[in-house]
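The block underneath contains the structure these notes are about, expressed in structure tokens.
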2 protein chains.
Amino acid sequence: MGTIVKSEKCDDEIFWRWFVTQRTYTISDLTSLFDVTTRTLRYYEEMGLLTPQRRGTQRLYSERDRVRIQLILRGRRLGFSLEEVRDMLSLYDADPTEITQLREVIHRGDEKLAQVEEQIRELQAVRKELLEWRGKMQQTLASKMKGEQQA
Amino acid sequence: MGTIVKSEKCDDEIFWRWFVTQRTYTISDLTSLFDVTTRTLRYYEEMGLLTPQRRGTQRLYSERDRVRIQLILRGRRLGFSLEEVRDMLSLYDADPTEITQLREVIHRGDEKLAQVEEQIRELQAVRKELLEWRGKMQQTLASKMKGEQQA
DNA sequence: CTGTAATATTCCGTTGACGTCAACGGAATT
DNA sequence: AATTCCGTTGACGTCAACGGAATATTACAG
């Protein structure tokens, strides 16, 4: 991990812009950053979710790749399949030239959005049920403790 | 599917209460009700998520089973594993006699709750990003259409 | 220059969540 | 008695998403 600290003395605008945009990562940088294995990152690449550059045979991940990994992992945590994640990433990738294509991609985005919102609603229902359950359990606990005290 | 309509003439309280609480379902009732296969329901049973009664060799699902299936399927939609779903169901099952056990189960519930809330937050972040993306795309679309009109 | 730690590729294994197929049981209808 | 329609139990197949070992190359610190 190229240990570059910000304020060395080269913190002029130009360098900093270079640092932020051109910063690259080795595969192990990212495995330790996100706590995943190299196998996982290579698999994501195999599935077409990542396309890091190569320096010879070695992979060189860009800032963009890093962000994509972050998005992929969040998607996985939320229960999306890699295929679904790829669909969502393709939304951000797309820079459609034709208006019809543009409309179509917006439409696909709207569908995903609706799906996400539905998922939020269901999760809130789960949350509500858990809270109600918790209330009842607390009550049970309180009454039990009262009984305990009297005995 | 025993086609029992409500208002036949036997809709007195007692019968209705029996109907609602003692109603049973065959496996195919439930597969058509939830659009899952028999394999799925048997698998859930194999994994200890369901324990339907038996009439001879046939499974007889109760109202409680039906509700559990509903919860399981919602959990799956939300990206929980069957194991996680079982944990959550066990919360509702538990009727702990000892106070320490009671505290422990409440604690587990709180952990799940925290997890659910974190998941909601992440989903809302996804939603926000999608909305921002949509805004930009709309803008692109608008400017493109303007150009189109002039040409 | 040389060892050794990091990477790459390849290939087989595993786990979760089912699908699928064969072989059969029992009730009901014809 | 034969057919039809659920339903059952194995047992094996499958697909996604990696795990892990073996082997072969680099890359770079001393």
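The chains referred to below are lettered A, B, ... by the order of the sequence lines, with proteins before strands, and numbering in each begins at 1.
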Inset, instruction - State which of D:dA17, C:dA8, D:dT8 makes the closest approach to the side chain of A:Ser81. - result: D:dA17
Legend entry - Residue from B:Glu104, B:Glu111, B:Arg103 passing side chain to side chain donor-acceptor pair (under 3.5 Å) with B:His107: B:Glu111
Inset, instruction - Examine C:dT9: is either OP1 or OP2 under 4.0 Å from a nitrogen or oxygen in the side chain of A:Arg59? Give yes or no. - result: yes
Legend entry - Upstream residue (5' side of DNA chain D) when B:Arg39 and B:Leu60 are each assigned their closest nucleotide: B:Leu60
Inset, instruction - Return the value, rounded to whole Å, for the distance between atom OH of B:Tyr25 and atom P of D:dG7. - result: 15 Å
Legend entry - Under 4.0 angstrom between B:Thr57 side-chain N/O and C:dG26 OP1 or OP2: no
Inset, instruction - Rounded to the nearest 0.5 Å, what's the gap from CZ on B:Arg76 to CD on B:Glu84? Could you check? - result: 9.5 Å
Legend entry - Distance, rounded to the nearest Å, where A:Leu78 contributes CG and D:dA17 contributes P: 15 Å
Inset, instruction - For D:dT8, take OP1 and OP2 only and decide whether either is under 4.0 Å from a side-chain N or O of B:Thr38. - result: no
Legend entry - Modelled atom types, side-chain donor and acceptor of A:Ser90 and A:Asp87, under 3.5 Å: no
Legend entry - Euclidean distance, atom CZ of residue B:Phe80 to atom C1' of C:dC18 [Å, nearest integer]: 20 Å
Legend entry - Any residue meeting side chain to side chain donor-acceptor pair (under 3.5 Å) with B:Thr140, in chain and number order, not counting sequence neighbours: none
Inset, instruction - Could you grab the distance from atom OH of B:Tyr61 to atom OG1 of B:Thr26, nearest 0.5 Å is fine? - result: 9.0 Å
Legend entry - Nearest-Å distance for atom pair CG/P, residues A:Asp87 and D:dA16: 14 Å
Inset, instruction - Report the distance from atom CG of B:Leu82 to atom P of C:dT15, rounded to the nearest whole Å. - result: 16 Å
Legend entry - Presence of A:Thr26 side-chain N/O under 4.0 Å of C:dT7 phosphate oxygens OP1/OP2: yes
Legend entry - side-chain N/O A:Thr37 vs D:dG19 OP1/OP2, d < 4.0 Å: yes
Legend entry - Nucleic acid contacts - residues 41-52 of chain A versus DNA chain C, non-hydrogen atoms under 4.0 Å: A:Arg42
Inset, instruction - Please check if atom CD in B:Glu83 has more than 12 non-hydrogen atoms from other residues, nucleotides or ligands closer than 6.0 Å. - result: no
Inset, instruction - Check whether any side-chain nitrogen or oxygen of B:Ser28 sits under 4.0 Å from OP1 or OP2 of D:dG7, and answer yes or no. - result: yes
Legend entry - Nucleotide D:dT8, atom P - distance to CD1 of B:Ile27 in whole Å: 5 Å
Inset, instruction - Give a yes/no on whether any side-chain N or O of A:Arg54 is located under 4.0 angstrom from OP1 or OP2 of C:dT9. - result: yes
Inset, instruction - Figure out the CD/C1' separation between B:Glu83 and C:dT15, and round it to whole Å. - result: 11 Å
Legend entry - No-hydrogen, no-angle side-chain donor-acceptor test under 3.5 Å, B:Thr40 and B:Thr37: yes
Inset, instruction - Can you tell me the distance, in whole Å, between the CZ atom of A:Arg55 and the P atom of C:dA6? - result: 15 Å
